[in-house]
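What follows is a set of notes on a single structure, which appears directly below.
It should be emphasised that the depicted structure is a prediction, and the values quoted were computed from it without experimental measurement. All values below come from the heavy atoms of this structure, side chains included, with hydrogens, waters and symmetry mates left out.
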Amino acid sequence: MATYHLRIKNDTKPNGAKVSAKAHADYILREGENSQKSDCVFQGHQLPSWADGSAQKFFRAADRYEDKGNRRYKEIEFSLPNELMLEQNREVVDSFIACHLTNHYYAYAIHEKSGAISGERHPHVHIMFSKRLIDEVEKIKERPAYKYFTRAAKPLKGEKVANFERRREHGAPKDKRWHSKKFLYKIREEFARIQNEVLGKYGYSVRVDHRSLKAQKAEAEERGDKFLAKLFDRMPEECIGITSSHRNEVEVSYLKHTREIYRKKFEQLFRQDFQEKVVMEEDVRACARQAEILALSLLSSESYKSEEFSEEPLRKLIQKILTEFEKVKSLRKKVVTGKDAQEKSESEYLSKADRNLLRDYERTLAEKYNWETLMKNLSVPSEKQPKNLQAFQEIERGVRTRISDLKKTMVEMYPKIQSVEEKMKNPYRLKNVHLVTHDILQKNLEILGELKNVSEELMRDVSDYKNLRKKNAHTIFSFSEVREKLSQQCRFLKTEYEKSVDEMNCLRWKVINPMRAISMAENIFVHGGLKKLREEKRKFEKSVSNFERKLAEYQQHEFDFKNANFENSADKIQEQYYLTKEKFLLEAARQNLQNTKNFLESESEKLAKICQTKEARQKISVIAAGILKKNLKTANAYENAKVRSKVLSRKLTIVKNRLEGLKRNGSRKLRKLVFRVDKPAKESVKISSSDPNFVVDLIADALNGNENAVQLVAYCPDNYLEMEKSWSLMSELDKDELIHKKIMRDL
């Protein structure tokens with residue numbers, strides 16, 4: 001947490017001697033003999049008009065007119081957050097004064113210097129004020145100095161408050177709250193609140209606490225925060241002023257030694273606490289990933305997709321699984337990793353320029369990694385596609401050049417990055433970064449606990465779902481049931497296959513090959529000029545087609561004119577006029593087309609020259625690589641859809657073959673039997689009879705004569721299901737059928 005220091009002092013030295021108010025004002029405002037000191041960065045005051053804006057004049061009057069036994073001033077000294085700039089620290093001072101000193105005359109000075117022991121930047125403020133109030137009388141008309149510091153008027157007998165005239169003739173009353181310990185505790189609490197509000201306003205997560213180490217330790221133990229509880233288990237540090245630090249070398253040496261011990265203890269406790277939290281986070285994440293994998297495996301299985309959920313328990317359980325699955329995904333996004341917590345807390349103590357530098361470095365590093373990953377994932381076109389292969393090689397050269405440029409940029413940026421890292425090793429910053437990191441990870445524990453509970457509940461529910469399906473699984477099937485189940489599988493697989501084919505066809509047109517990527521990149525490089533040129537060429541081709549059609553029509557008209565017999569010369573002249581006009585228009589159109597052709601050819605040559613320079617080819621290859629990088633996800637999705645459609649096609653073919661086999665082999669004898677998977681005692685094969693599709697497939701294979709399946713399937717007459725001894729292996733039935741078929745052939 002940030003440094004908290006607030007001390008209220010009177011106008012006396014430790015030995016009881018009085019301190020001159022004017023001399024002390026000179027000291028804090030760096031006036032007179034103290035004017036050589038340059039650590040005073042800002043001054044402010046609220047003074048009566050007779051002081052002419054001079055704190056020295058006001059406090060000289062206090063020295064002169066206050067009674068001998070009275071306090072001539074009080075001083076409040078408090079530290080300001082090291083994180084904040086001067087203008088921001090002024091907000092802390094102004095808010096404090098607005099809370100407690102608006103009805104007092106005061107002067108203050110903000111000092112900023114390096115700490116005598118720590119060497120750190122140490123901004124702090126000294127506020128000198130008179131305990132006398134700016135009462136109603138003073139607000140209406142200020143008292144002269146000699147009256148202001150005299151005794152206040154006391155109420156006469158029968159009066160609660162002295163009358164206005166008598167109060168004017170006497171001094172301003174003193175604020176008695178400054179004698180109350182409760183009020184002083186309240187001031188400490190208010191200062192902590194104000195400081196924390198301003199820190200929060202400017203994006204800092206670190207906070208101050210006005211309470212004792214004992215109270216903070218008790219609260220940490222109550223919250224279960226072992227790190228802070230151990231951290232606060234120490235003796236409070238005594239404040240040594242600048243004068244004492246120069247005079248008493250023994251005390252300074254002891255304090256430095258104590259601080260070094262505390263720093264080492266802090267580092268050790270933080271490392272231990274950070275490691276414990278990171279290990280916990282990794283364990284919970286692993287548990288959540290396992291739960292997600294189990295849930296996804298269930299939700300993507302064919303048995304789940306084809307399940308009708310007619311039973312109420314199954315329907316409720318699957319709804320619960322879906323809800324928990326979504327909750328696990330949502331909570332995983334909220335979990336903050338140890339690395340993210342460190343980066344977030346470090347960013348608070350970096351300047352805007354430093355943050356931008358780190359962001360640029362990380363962006364450059366990520367871009368380099370992305371280009372390298374792209375080259376690994378892109379498939380090289382075959383030699384049968386020479387144009388695509390040539391385009392790919394051009395893209396590869398451009399990407400390698402880009403990666404080389406990024407490496408050079410990173411080398412140039414590295415010294416600046418090292419400088420930023422050195423800044424972050426500053427002990428004060430490092431301590432606050434660790435505290436903010438701890439606070440983030442401590443709040444993260446609640447999310448981790450909830451995520452762990454939900455993940456474990458999800459895994460239990462998935463297991464319960466599988467057990468419930470296993471318990472309700474249909475293990476004995478008749479011939480007609482086997483055939484119906486296979487028909488259902490066939491319909492389901494056909495639907496899934498058609499979906500995958502539609503998806504594959506939809507994605508196919510979105511996949512960009514290297515040659516097309518180069519073409520798109522060239523168009524981008526010339527700001528869409530190639531696309532416009534292609535559109536103009538299409539329009540030109542259409543115009544040429546129209547011209548050829550009109551030319552053919554003109555030639556036909558000319559032929560008809562030559563072979564026509566006109567009754568009078570007027571008709572001939574009129575027809576000849578129309579032919580001449582048509583010929584003239586065609587010649588004009590021909591000339592326009594030739595001009596357009598020449599323009600398109602010149603424009604095409606111009607764009608080709610622009611794109612053929614060495615610098616242009618490098619930029620075009622990088623643009624093309626970027627296009628392929630964006631398209632990589634679509635290309636992978638297309639490949640996955642292609643593989644899925646092949647797998648589904650193969651499965652569909654197998655199921656269709658099973659159905660056709662059942663139609664051929666479905667004898668009357670088999671139709672009167674029921675079947676189940678019955679592993680022989682001598683076999684050690686594991687049978688998953690809880691999966692209906694597996695059991696049905698195995699029985700169908702056995703009925704179709706598959707030797708391996710026959711050894712695992714048993715049959716029984718439909719009327720003798722209750723008798724276990726009625727079950728026999730399919731091999732015996734096959735023997736009977738083979739003998740029967742042989743007899744039939746012999747006959």
Side-chain angles (χ1 to χ4, degrees), residues 6-12 16 18-22 24-25 44-78 92-108 125-194 197 210-211:
L6 184 144
R7 184 164 56 170
I8 300 177
K9 298 185 285 187
N10 294 317
D11 59 350
T12 54
K18 289 281 185 179
V19 177
S20 164
K22 193 267 181 186
H24 196 66
H45 59 255
Q46 177 176 268
L47 298 170
S49 57
W50 53 261
D52 298 326
S54 170
Q56 289 86 344
K57 188 173 182 180
F58 176 82
F59 287 108
R60 187 188 297 115
D63 284 333
R64 181 177 178 183
Y65 297 118
E66 277 285 2
D67 288 346
K68 189 175 180 181
N70 289 349
R71 301 287 185 195
R72 285 157 294 170
Y73 71 90
K74 275 186 105 57
E75 181 188 3
I76 300 175
E77 174 191 304
F78 54 77
V92 178
V93 176
D94 292 344
S95 296
F96 180 85
I97 288 172
C99 283
H100 302 293
L101 296 173
T102 51
N103 291 327
H104 293 269
Y105 290 127
Y106 61 82
Y108 71 87
V125 66
H126 297 266
I127 306 175
M128 284 182 68
F129 67 98
S130 170
K131 288 201 307 181
R132 294 186 181 276
L133 290 166
I134 303 173
D135 59 357
E136 294 175 2
V137 175
E138 187 72 11
K139 287 176 182 177
I140 294 170
K141 186 178 179 181
E142 293 177 356
R143 300 176 178 90
Y146 69 89
K147 280 189 180 177
Y148 182 80
F149 291 106
T150 57
R151 289 180 181 272
K154 292 184 178 180
L156 298 175
K157 190 174 182 181
E159 291 181 341
K160 290 185 178 180
V161 181
N163 64 48
F164 186 86
E165 292 301 326
R166 289 181 54 247
R167 279 186 285 163
R168 170 160 294 287
E169 293 303 317
H170 289 73
K174 291 188 177 182
D175 191 347
K176 295 179 180 179
R177 293 181 305 168
W178 294 99
H179 298 289
S180 167
K181 283 190 176 181
K182 274 188 179 180
F183 180 62
L184 300 182
Y185 289 146
K186 183 182 176 183
I187 285 178
R188 289 180 59 81
E189 184 178 355
E190 281 291 309
F191 173 58
R193 180 188 62 77
I194 291 166
E197 282 180 359
H210 66 287
R211 296 172 299 169

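- Applying the side-chain hydrogen bond (donor to acceptor under 3.5 Å, both in side chains) test to R177 and every residue at least two apart in sequence or in another chain returns D175.
- Checked against side chain to side chain contact (heavy atoms under 4.5 Å, CB included), N103 has the following partners two or more places apart in sequence or in another chain: L133, K139.
- The ring pair (Phe, Tyr, Trp, His ring centres under 6.0 Å) contacts involving residues 128-147 comprise H104-F129, F129-W178, where partners must be two or more places apart or lie in separate chains.
- In this structure, NZ in K74 is found 3.5 Å from CG in N10, a value given to the nearest 0.5 Å.
- For K18, the side chain to side chain contact (heavy atoms under 4.5 Å, CB included) criterion is met by D11, T12, R71, R72, not counting sequence neighbours.
- Partners of E189 by side-chain hydrogen bond (donor to acceptor under 3.5 Å, both in side chains), not counting sequence neighbours: none found.
- The two residues P173 and A152 come nearest to each other via the heavy atoms CA-CB, 3.7 Å.
- With sequence neighbours left out, Y106 forms a ring-ring contact (aromatic ring centres under 6.0 Å, His included) with no residue at all.
- Of all heavy-atom pairs spanning D63 and A21, the tightest one is OD1-N, 3.0 Å.
- For D94, there are no salt bridge (Lys or Arg N to Asp or Glu O under 4.0 Å) partners two or more places apart in sequence or in a different chain.
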Full working for side-chain contact (heavy atoms from CB on, under 4.5 Å) between H170 and R151: CA-CA 6 Å; H170 289 73; R151 289 180 181 272; 5.5 Å; no

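- Here the side chain of D135 pairs no donor or acceptor atom with the backbone of A172 at under 3.5 angstrom.
- Here R64 contributes atom CZ and F149 contributes atom CZ; the two are 12.0 Å apart, rounded to the nearest 0.5 Å.
- Remark: the backbone N or O of V161 is not paired with any side-chain donor or acceptor of R167 at under 3.5 angstrom.
- Atom OG1 of T150 is separated from atom OH of Y65 by 11.0 Å, given to the nearest 0.5 angstrom.
- With rounding to the nearest 0.5 Å, the separation of CZ in F183 from CZ in R188 is 14.0 Å.
- The distance from atom CG of L6 to atom CD1 of I187, rounded to the nearest 0.5 Å, is 7.5 Å.
- N70 meets the side chain to side chain contact (heavy atoms under 4.5 Å, CB included) test with E66, D67, R132, K174; sequence neighbours excluded.
- Residues passing the ring-ring contact (aromatic ring centres under 6.0 Å, His included) test with F191 are Y4, F78, sequence neighbours excluded.
- Partners of V19 according to the side chain to side chain contact (heavy atoms under 4.5 Å, CB included) rule, which considers only residues two or more places apart in sequence or in another chain, are K13, H24, Y73.
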Full working for side-chain contact (heavy atoms from CB on, under 4.5 Å) between Y108 and I97: CA-CA 10 Å; Y108 71 87; I97 288 172; 3.7 Å; yes

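- Checking K131 against H179 by side-chain atom types alone, a donor-acceptor pair falls below 3.5 Å.
- Within the model, atoms NZ of K186 and CZ of R193 stand 10.0 Å from one another, a figure rounded to the nearest 0.5 Å.
- In terms of modelled atom types and a separation under 3.5 Å, the side chain of E138 and the main chain of R143 share a donor-acceptor contact.
- Residue pairs that meet the salt bridge (charged side-chain N to carboxylate O under 4.0 Å, His left out) test with at least one member in residues 153-163, sequence neighbours left out, are E159-R166.
- Under the side chain to side chain donor-acceptor pair (under 3.5 Å) criterion, the residue pairs touching residues 45-59 are D26-Q56, S49-E142, D52-K57, S54-Q56, with sequence neighbours excluded.
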